[in-house]
Amino acid sequence: MQAPSREDFRNEILKHLQYSMAKDPAHASIYDWRMALSHALRDRIVDPWFAATRQTYDQKRKRVYYLSMEFLIGRIMEDAAINLGLRDLCQEALEDLGVDYDAVVENEPDAALGNGGLGRLAACYMESMATLGCAGHGYGIRYEHGLFRQRFEGGRQVETPEDWLTQPHPWEFVRPESSYEIGFKGHVEKHAGRSVWVPAETVIAEAHDLPVIGWQGRWANTLRLWSARPTTLFDLGRFNHGDYAAAAEPEALARTLSRVLYPDDTTYQGKELRLKQEYFLTSAALQDILRRHLDAGLSITDLADHVAIQMNDTHPAIAGPELVRLLCDCYGLTFDAAIEIAVNCLGYTNHTLLPEALEKWASYLMGAVLPRHMQIIEEIDAWHLKRHPDRPNHIGILKHQEVRMGELAFITSHKVNGVSALHTDLIKANLFPELNKLHPDRIINQTNGVTPRRWLRMTNPALSTLITDTIGSGWEADLDRLFGLEPALKDPVFLQKFAAAKRSNKVALSNWVAQTQGIQIDPDAMFDVQIKRIHEYKRQFLNILQTIAQWHEIRKNPTGEFVPRVKIFGGKAAPGYQTAKEIIRLINDVAQVVNNDPYVDGRLKIIYPPNYNVSMAERLIPAADLSEQISTAGKEASGTGNMKFALNGALTIGTLDGANVEIREEVGAENFFLFGLTADEVMERRHNPDHARDAIMQSQSLQDVLQMIAEGRFSPDEPGRYHGLVHNIWHSDYFLCASDFESYAQAQREVDAAFTTPDRWWHMAASNTARMGFFSSDRSIKGYMADIWNTSSAL
Ligand code: 26V
């Protein structure tokens, strides 16, 4: 579609203000303007959306279905404006109307329908599928409340519910005609040899569609989110008898299903509601997929030729049994035919090796909530064992009265993939070694990626402009073109401009920090950032220990020369994860002491803005000099923040973990601050029961730091506050903070040295940007299309 003139677009916004919002410009609020602008943009998505849908249908194209319990989208409006090529026009049109564009953008709440990396990856992948013209549909849950909001009270995390849906949501279209009944519990009957499940509870899944527009509006896909509503609205009989609470029971039951996102992405708990949510999503999606397939006049036996279904982790892994159930019980296929179709359709992406995050459901719970599926799971396990009679006993789906969802997903998929090269090797070696032997071609790697439209073009206009000025346009959809910056790396003028772009982002961040946190930070200091969920394996604890050591150095040497640093933290802890919450409090306590210490004199500041989310990441990443990717090697499946930082010209201090390994290979070892034990060394080191004590005894600096924490230097009102953390590092230290401490501190000194040599630093930083093309999610999606989905672009 042709871009409108400035005047025309202004009139489109005004028209929506008047006729969609019924507001007079003189009385319009920022919210009204946001709705008007969103509608004006939305109008321009509808045509490409129809066209893509029509083309897919007419050509009977294979469709890809991405099933995910999480889509961490963030704000939608500006992303749509960027991909339609209309961002500048939005700004200009609002300027003509006397409205502040930035305020309008910030008025939009984040769609926070995810916990962290897994959910954000799903959002990047949806955008890349649309950019690449891959006929794809996302399926998720329309949580009324996304990830909780975080506040700090006395340094402690306090959670409050998130309520992004209190205002009308301009990007969704309700589709009441696409509704499906979802059953739970009950029993199974046999009719003429066929099994019939008679559920005891039912709810309705109702579709809400969000358009996902690709780069330059050439293609658009749909993200379909399900919300639950009751099958029977109201028990009038009970109501008339005055039993008001009981009368509303079916409604309450249904609504809880799509009420809230589970906020714990680390410890799996066998909660019935979670299992019901997983089945709710999966069953609604599969019924919709089959309906669409049959409506197109295609045969049910040809399903795998036209449908690829990707399971984002094991959360939708009930898809295998559900598809078999639908094919056998509803369409009359034999079990053998059904399982073959299911396997050919399904793919499974694994995102974690942490044993505590692997889903297992007690067999009695599975049998009670999904009785027919439990039968089918047993059948699948027996079928697999029959095909592999020498299968060792302990590797099946069912073990210790539990259903192991990883094994279920593996056995019902034709491809299983890890999300970085190292992670994939570890899946083969440690997670599924025997299944890998039985199915040597099944496990493959698809290294994660991020969308450069949102994570460079949208969030970093200064750097984007410099890139376009240097290598021309088009890199946004062909990120390997960033290699074209290579000659400019030798040009001091280019490097100066690169530094100036970074500085402008740092100034903007400093202003925001001053406004929101009331803390002044110096844009010429090094901005050192660690933003991600708080978890022991991610080692925010190691970071704060080293920060304390740095503070101690400054105190010991008050007139010494130190490279000024601003340490920035961001992230939420799962509400029930006590150790993570202690780490949050420690960071805040240390910040209080350090930021108010007159001796420090601006050489060290600690900032921890509450409620880290996608929008905050968009502010922080373009302004970062140093990216902290310091997980215990072998624990971070990939990381995707690491990619966003390096793409935006931050240098990484990191371990050989997840995608760090590949980032370092791409950008060059000389442009990466490596430290710490390797994954093999980590396993080896744990064999020494005294690893922590040995490491602490060898580091005076670490001893001093632990002593200060233990004495209550950062918690004078409660000196024993951190005894648990200190005791743990001396006596257990599973994540090896002590063993990696000195190596980390040494790498930090190398970072300081590089930062004091600007020519070197900016050459390193720009080299990172120039060599990060591999980490575009377009490359990842092309890999999925070729190796897993067996499909091609419609463009
Ligand atoms: C597990 C559970 C357990 C049940 C309750 C809810 C819930 C939610 C999420 C999870 C698994 C989370 C796994 C995850 O987020 N993995 C991250 O995936 C990123 C994308 O592949 C990757 O970059 C990160 O390294 C990895 O930690």
Side-chain angles (χ1 to χ4, degrees), residues 66 68-72 112-125 140-141 143 146-148 260-278 281 310-318 348-361 404-406 409 417-424 426-427 431 445-451 531-539 571-572 574-577 617 629-645 654-655 657-663 679 775 777 780-781 783-784:
Y66 199 83
S68 179
M69 287 287 282
E70 309 193 6
F71 286 92
L72 187 41
L113 310 183
N115 272 287
L118 168 142
R120 183 54 234 176
L121 186 79
C124 282
Y125 281 4
I141 293 180
Y143 301 107
L147 189 63
F148 65 85
V260 56
L261 166 77
Y262 267 82
D264 191 343
D265 63 352
T266 49
T267 41
Y268 154 80
Q269 300 159 309
K271 291 272 165 60
E272 179 178 315
L273 180 61
R274 169 80 185 179
L275 179 59
K276 283 181 159 179
Q277 285 187 334
E278 294 183 352
L281 158 71
Q310 194 63 27
M311 300 185 282
N312 199 21
D313 217 295
T314 57
H315 314 151
I318 198 68
Y348 155 47
T349 306
N350 172 282
H351 294 271
T352 184
L353 300 167
L354 295 184
E356 64 271 30
L358 299 176
E359 288 189 296
K360 310 184 233 23
W361 295 100
R404 300 191 293 179
M405 301 305 270
N417 77 283
V419 291
S420 72
L422 174 66
H423 171 64
T424 300
L426 295 172
I427 292 179
L431 189 60
N445 178 241
Q446 298 295 348
T447 297
N448 283 167
V450 301
T451 168
I531 45 176
K532 46 186 83 243
R533 286 296 285 259
I534 310 298
H535 197 288
E536 288 163 276
Y537 84 80
K538 295 179 187 281
R539 297 200 295 193
K572 297 175 181 177
Y577 189 172
Q629 307 300 338
I630 62 177
S631 51
T632 314
K635 292 292 172 189
E636 189 70 270
S638 161
T640 43
N642 48 2
M643 300 168 188
K644 296 164 194 164
F645 280 107
T655 48
D657 200 13
N660 292 355
V661 178
E662 290 153 86
I663 292 175
F775 299 96
S777 44
S780 311
I781 288 298
Y784 280 85

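All ligand and atom numbering here is 1-based and tracks the order in the structure.
- The protein heavy atom nearest to atom 14 (C) of ligand 1 is Leu118 CB, 3.8 Å.
- Side chain of Asn115 to backbone of Tyr262: a donor-acceptor contact under 3.5 angstrom is found.
- Every atom of ligand 1 with a heavy atom of Ala637 under 4.0 Å away is listed here by number and element: 25 (O).
- Between Asp313 and ligand 1, a contact under 3.5 Å exists for no N or O pair.
- In this structure, Gln269 has no heavy atom closer than 4.0 Å to ligand 1.
- In this structure, Gly116 does not count as a contact residue of ligand 1, since none of its heavy atoms falls inside 4.0 Å of the ligand.
- Annotation: atom 23 (O) of ligand 1 to nearest protein heavy atom, Gly639 N, 2.8 Å.
- Counting only distance, with no hydrogens or angles, the side chain of Glu278 and the backbone of Ile318 share no donor-acceptor pair below 3.5 Å.
- With hydrogens left out, the protein atom closest to atom 5 (C) of ligand 1 is Asp264 O, 3.2 Å, a heavy atom.
- In this structure, Lys572 contributes its side chain and Phe148 its backbone to a donor-acceptor pair below 3.5 Å.
- Of the N or O atoms in Glu359, none lie within a sub-3.5 Å distance of an N or O in ligand 1.
- Screening Asn350, Asn417, Thr447, Asn445 for a side chain to side chain donor-acceptor pair (under 3.5 Å) involving Thr424 leaves a single residue, Asn445.
- Checked by atom type and distance alone, the side chain of Gln629 never pairs as donor or acceptor with a backbone atom of Gly654 at under 3.5 Å.
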List the steps, then state whether side-chain contact (heavy atoms from CB on, under 4.5 Å) holds for Gln277 with Tyr143. CA-CA 10 Å; Gln277 285 187 334; Tyr143 301 107; 4.0 Å; yes
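- Although no hydrogens or angles enter the test, the distance criterion places a donor-acceptor pair under 3.5 Å between the side chain of Asp657 and the main chain of Glu636.
- What sits closest to atom 21 (O) of ligand 1 on the protein, heavy atoms only, is His351 ND1, 2.6 Å.
- At the shortest separation from atom 12 (C) of ligand 1 among protein heavy atoms lies Asp265 O, 3.7 Å.
- Of the possible polar contacts, one joining the Ser777 side chain to the Val450 backbone as a donor-acceptor pair under 3.5 Å is found.
- Protein heavy atom in closest approach to atom 1 (C) of ligand 1: His315 NE2, 3.6 Å.
- With hydrogens and angles ignored, the 3.5 Å screen pairs no side-chain donor or acceptor of Tyr577 with any backbone N or O of Thr267.
- The distance from ligand 1 to the heavy atoms of Tyr537 drops below 4.0 Å at these ligand atoms: 27 (O).
- Ligand 1 has an N or O atom lying under 3.5 Å from an N or O atom of Glu636, backbone or side chain.
- When heavy-atom distances to ligand 1 are checked against a 4.0 Å cut-off, Met69 has no atom that comes that close, whether in backbone or side chain.
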